[in-house]
Amino acid sequence: MTAPETSEAQVLSERRGSTLILTLNNPARRNALNPHVVQGLEAGFAEQENDREIRAIVLTGAGGHFCSGGDLSAMDLGRGAKRVQFDISRKLALQIASASVPVVSAVEGWAAGAGFGFALLGDTIVASREAGFLPAFPKVGLIPDYGLLETLPRRIGLARAKQILLYARTVKGPEALDIGLVDELVEPGATLDRALELAGTLTALAPRPLRAIKDYYALKIAPALDFERLIQPELLLSDDAAEGRAAFLEKRPPEFKDR
């Protein structure tokens with residue numbers, strides 16, 4: 001297994017035949033997204049675009065969790081820097097959604113916040129029975145990102161998606177399967193193996209039709225990402241976001257006052 005050229009090695013890449021495995025590798029922070037992770041993922045998807053032998057990608061996380069979302073301790077940036085950050089996030093989300101090969105998300109443990117949106121950019125989602133999907137955004141003064149405003153209702157319907165997002169409600173593995181949030185449910189520790197089996201099936205199919213199918217479904221994600229870029233940087237500078245971040249880091253209930 002090899003890592004991209006970042007000192008932290010927070011994304012690992014491995015080839016299994018025609019499948020590329022990209023593993024978020026910061027288990028101490030439950031694989032929270034930060035600039036090093038984003039850069040590593042961008043490099044991994046760029047590798048896929050430049051290598052025609054890669055026919056599928058599996059996204060997973062190390063240490064028993066998929067991704068705990070954005071690293072709140074690394075979000076203290078000014079307005080301009082935040083917009084640049086969202087330009088980078090938008091590029092990565094589009095890279096995943098419009099990748100020329102199918103993407104399978106293998107979700108163990110938590111997929112929270114941006115990690116929830118990140119998981120749903122996959123074309124197929126395999127989850128552990130103990131997996132949890134948490135759109136914690138209103139709890140920290142933010143809106144959903146990584147295209148979640150589009151990808152969640154696409155999977156489970158608008159009415160149900162609104163209730164989950166508005167109430168920041170956790171969806172556990174069995175319910176996620178029942179409502180169509182995930183495609184398959186497996187025992188804890190088995191998601192990667194099952195994701196690789198599905199990837200193997202995909203690599204045996206004609207690649208050009210698969211890409212055309214993906215391209216069609218990727219069309220509507222860009223407007224959601226543009227909306228995020230417009231709204232989220234302002235919210236990140238709000239008093240409520242500051243309070244939400246402080247409450248999260250201090251492990252206490254937030255007291256929101258910004259109306």
Side-chain angles (χ1 to χ4, degrees), residues 1-16 19-51 53-54 56-63 65-123 142 144-148 151 192 195 214 218 221-222 224-226 228-229 232-233 236 245:
M1 185 173 286
T2 59
E5 295 180 1
T6 63
S7 58
E8 287 77 7
Q10 290 185 20
V11 176
L12 304 178
S13 66
E14 179 185 0
R15 287 283 293 273
R16 299 271 187 97
T19 299
L20 175 67
I21 305 171
L22 295 177
T23 303
L24 305 186
N25 186 44
N26 187 10
R29 301 194 67 82
R30 294 187 175 182
N31 304 316
L33 294 174
N34 61 40
H36 293 297
V37 172
V38 171
Q39 290 166 12
L41 289 168
E42 286 182 336
F45 277 87
E47 175 185 350
Q48 169 268 314
E49 294 295 343
N50 294 323
D51 188 343
E53 292 185 1
I54 296 174
I57 295 175
V58 171
L59 294 176
T60 190
H65 293 283
F66 184 74
C67 177
S68 61
D71 189 345
L72 294 181
S73 66
M75 289 187 178
D76 190 15
L77 301 170
R79 180 179 284 103
K82 290 185 189 301
R83 292 206 181 277
V84 171
Q85 182 183 61
F86 272 88
D87 285 339
I88 295 170
S89 298
R90 181 184 186 279
K91 177 184 175 183
L92 174 60
L94 286 175
Q95 271 186 297
I96 299 171
S98 61
S100 60
V101 302
V103 177
V104 182
S105 298
V107 180
E108 297 275 355
W110 284 105
F116 189 175
F118 183 60
L120 264 61
L121 290 170
D123 303 297
L142 302 175
D145 54 19
Y146 275 87
L148 191 59
T151 56
L192 180 57
K214 283 178 53 67
I221 292 179
L225 296 171
D226 290 339
E228 293 169 16
R229 183 186 180 277
Q232 197 81 300
L236 282 163
R245 182 167 59 249

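This is a predicted model, so every value here is computed, not measured.
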Can you find a heavy atom in the side chain of Leu41 that is under 4.5 Å from one in the side chain of Val37? yes
Name all residues meeting the side chain to side chain donor-acceptor pair (under 3.5 Å) criterion together with Glu49; count only those two or more places apart in sequence or in a different chain, and write none if there are none. Ser100
Taking only residues two or more places apart in sequence, or in another chain, which ones meet Ala224 in a side-chain contact (heavy atoms from CB on, under 4.5 Å)? Glu150
Would Val11 and Leu24 count as a side chain to side chain contact (heavy atoms under 4.5 Å, CB included) here? Give the steps. CA-CA 5 Å; Val11 176; Leu24 305 186; 4.3 Å; yes
Sub-4.5 Å side-chain heavy-atom contact between Ile54 and Arg15: yes
Shortest non-hydrogen separation from Pro27 to Ala62 and the atoms involved: CB-O, 4.1 Å
Report yes if the side chains of Tyr146 and Ile96 come closer than 4.5 Å at any heavy-atom pair, otherwise no. no
Check Asn34, Asn25, Asn31, Thr23 against Gln10 for a side-chain hydrogen bond (donor to acceptor under 3.5 Å, both in side chains) and give me the one that passes. Asn34
Please name all residues satisfying side-chain contact (heavy atoms from CB on, under 4.5 Å) with Ala112, sequence neighbours left out, ordered by chain then number. Leu134
What pairs meet the side chain to side chain donor-acceptor pair (under 3.5 Å) rule with one or both residues in residues 101-115, with sequence neighbours excluded? Glu108-Thr191
Ser68 meets the side-chain contact (heavy atoms from CB on, under 4.5 Å) criterion, sequence neighbours left out, with Arg30, Ala32
Looking at CZ of Arg245 and CG of Leu142, how far apart are the two atoms once the value is rounded to the nearest 0.5 Å? 8.5 Å
By salt bridge (charged side-chain N to carboxylate O under 4.0 Å, His left out), Arg16 pairs with (sequence neighbours left out) Glu14
Write down the atom of Leu22, the atom of Gly44, and the distance for their closest heavy-atom approach. CD2-CA, 4.0 Å
When rounded to the nearest 0.5 angstrom, what is the spacing between CG in Leu120 and CG in Leu148? 6.0 Å
Closest non-hydrogen atoms of Pro102 and Asp123, given as atom of the first, atom of the second and distance, are CA-OD2, 3.3 Å
Beyond-backbone contact of Leu121 with Val103, side-chain heavy atoms, under 4.5 angstrom: no
For Ile221 against Ala97, the heavy-atom pair lying closest together: CD1-CB, 3.6 Å
Tell me every residue that passes side chain to side chain donor-acceptor pair (under 3.5 Å) with Glu228, counting only those two or more places apart in sequence or in another chain. none
Are Asp51 and Leu20 side-chain neighbours, meaning at least one heavy-atom pair lies under 4.5 Å? no
Restricting to non-hydrogen atoms, name the atom on Leu225 and the atom on Gly147 that form the minimum distance, rounded to 0.1 Å. CD2-N, 3.5 Å
Under the salt bridge (Lys or Arg N to Asp or Glu O under 4.0 Å) definition, can you give me all pairs with a residue in residues 90-101, not counting sequence neighbours? Arg90-Asp226
What residues form a side-chain contact (heavy atoms from CB on, under 4.5 Å) with Val101, not counting sequence neighbours? Gln48, Ile57
According to ring-ring contact (aromatic ring centres under 6.0 Å, His included), who are the partners of Phe66, at least two apart in sequence or on a separate chain? Phe118
